[in-house]
Enquirer: 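This structure is in structure tokens; I'll ask about it shortly.
Just so you know, these numbers use all the heavy atoms, side chains as well, and skip hydrogens, waters and symmetry mates.
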Amino acid sequence: QVQLVESGGGLVQAGDSLRLSCAASGRSSSLYALGWFRQAPGKERELVATISWSGSKTYYADSVKGRFTISRDNAKNTVYLQMNSLKPEDTAVYYCAAVRTYSSGTYSTVSDEYDYWGQGTQVTVSS
């Protein structure tokens, strides 16, 4: 079992920055890729970014490329999402998720493949 707890959300203005953190806990010998998803009111959940266990491979949704950066610190069991140049359309609940992988250099872009989810943190960007 893996528990995920997000933090760092809040209310900011357009153009501002935020850094989300997700702390993982629990006993597991598996390799996990980690991802950030978001869901805005009335919209489907979407993948924002994901990172392999080694951190060598990352993927970003087109809508956040060049503005968001995902990173992880395996020594701290934490994954981060640095969000710059925030826009009102980035407003959503952001979720951290973990998926077991068999290679340190792989990740998944399919939400249904993720095994564990955090409770979410609200990000609101005002115009």
Enquirer: Nearest 0.5 angstrom please: L31 CG to S103 OG, how far?
Expert: 7.5 Å
Enquirer: If you take all heavy atoms of S71 and V79, which pair is closest and at what distance?
Expert: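 So the two residues come closest at O-CG2, 3.1 Å.
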Enquirer: Can you tell if the side chain of I70 reaches within under 4.5 Å of the side chain of W36, non-hydrogen atoms only?
Expert: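 They are in side-chain contact.
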Enquirer: To the nearest 0.5 Å, how far apart are SG in C96 and CG in L20?
Expert: 9.5 Å
Enquirer: With rounding to the nearest 0.5 angstrom, report the OG to CD distance, S63 to E46.
Expert: 5.0 Å
Enquirer: Between V99 and L34, is there a side-chain heavy-atom distance shorter than 4.5 Å?
Expert: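 Side-chain contact under 4.5 Å: no.
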Enquirer: Over all heavy atoms of both residues, which pair between S17 and Q82 is shortest? Give the atoms and the distance, please.
Expert: CB-NE2, 3.9 Å
Enquirer: Exactly one of D62, D90, D16 should register a salt bridge (Lys or Arg N to Asp or Glu O under 4.0 Å) with R67. Which one does?
Expert: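 When D62, D90, D16 are each tested with R67, the salt bridge (Lys or Arg N to Asp or Glu O under 4.0 Å) holds only for D90.
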Enquirer: When you measure from the side chain of S85 to the backbone of G15, do you find a donor-acceptor pair of N or O atoms at a distance under 3.5 Å?
Expert: no
Enquirer: Would a 4.5 Å heavy-atom cut-off, applied to side chains only, mark L81 and V48 as touching?
Expert: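 Side chain of L81 against side chain of V48, heavy atoms only: contact under 4.5 Å found.
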Enquirer: Donor-acceptor pair, T78 side chain versus K76 backbone, under 3.5 Å?
Expert: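 Yes.
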Enquirer: Quick check: do Y116 and Q1 have side-chain heavy atoms less than 4.5 Å from each other?
Expert: yes
Enquirer: Determine whether more than 12 heavy atoms belonging to other residues, nucleotides or ligands lie under 6.0 Å from atom CD of Q13.
Expert: no
Enquirer: Kindly confirm or rule out a cation-pi arrangement of R19 over Y80, judged by NZ or CZ under 6.0 Å from the six-membered ring centre and within 45° of its axis?
Expert: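 Geometry flag: set, cation within 6.0 Å and 45°.
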Enquirer: Would you say V12 ends up clustered with V64 if hydrophobic residues are merged whenever their side chains have heavy atoms under 4.5 Å apart, either directly or through other cluster members?
Expert: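 V64 clusters together with V12.
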Enquirer: Determine yes or no for a side-chain-to-main-chain donor-acceptor pair under 3.5 angstrom, with S30 supplying the side chain and R100 the backbone.
Expert: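 Absent.
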Enquirer: Short question: side chain of S52, backbone of G105 - any donor-acceptor pair under 3.5 Å?
Expert: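 Not at all, since once roles are kept as given, no pair shorter than 3.5 Å links the two residues.
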Enquirer: Which heavy atom of A49 sits nearest to which heavy atom of Y60, and what is that distance?
Expert: CB-CD2, 3.6 Å
Enquirer: If you measure from OG on S111 to CZ on R45, what distance do you get to the nearest 0.5 Å?
Expert: 4.5 Å
Enquirer: Tell me, please, which residues at least two apart from F37 pass ring-ring contact (aromatic ring centres under 6.0 Å, His included).
Expert: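 Partners of F37 by the ring-ring contact (aromatic ring centres under 6.0 Å, His included) criterion, ordered by chain and then number, come out as Y114, W117.
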Enquirer: Locate the shortest heavy-atom distance separating Q122 from A92; write the atom from each residue and the value.
Expert: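 Closest heavy-atom pair between Q122 and A92: NE2-O, 3.4 Å.
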Enquirer: Keeping the roles fixed (side chain from Y32, backbone from A97), state whether a donor-acceptor pair exists under 3.5 Å.
Expert: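 Looks like no, no N/O pair under 3.5 Å.
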Enquirer: Using 0.5 Å steps for rounding, measure from the CZ atom of R38 to the CE atom of M83.
Expert: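 It comes to 9.0 Å.
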Enquirer: Starting at CD of E113, measure out to OG1 of T50 and round the result to the nearest 0.5 Å.
Expert: 10.5 Å
Enquirer: Quick one: does T58's side chain get under 4.5 Å of Y107's, heavy atoms only?
Expert: no
Enquirer: On a heavy-atom basis, which atom in R72 and which in I51 lie closest, and how many Å separate them?
Expert: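 Shortest heavy-atom contact: NH1-O, 3.7 Å.
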Enquirer: Compare all side-chain heavy atoms of V123 with those of L18 and state whether any distance is below 4.5 angstrom.
Expert: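 V123 vs L18: side chains touch.
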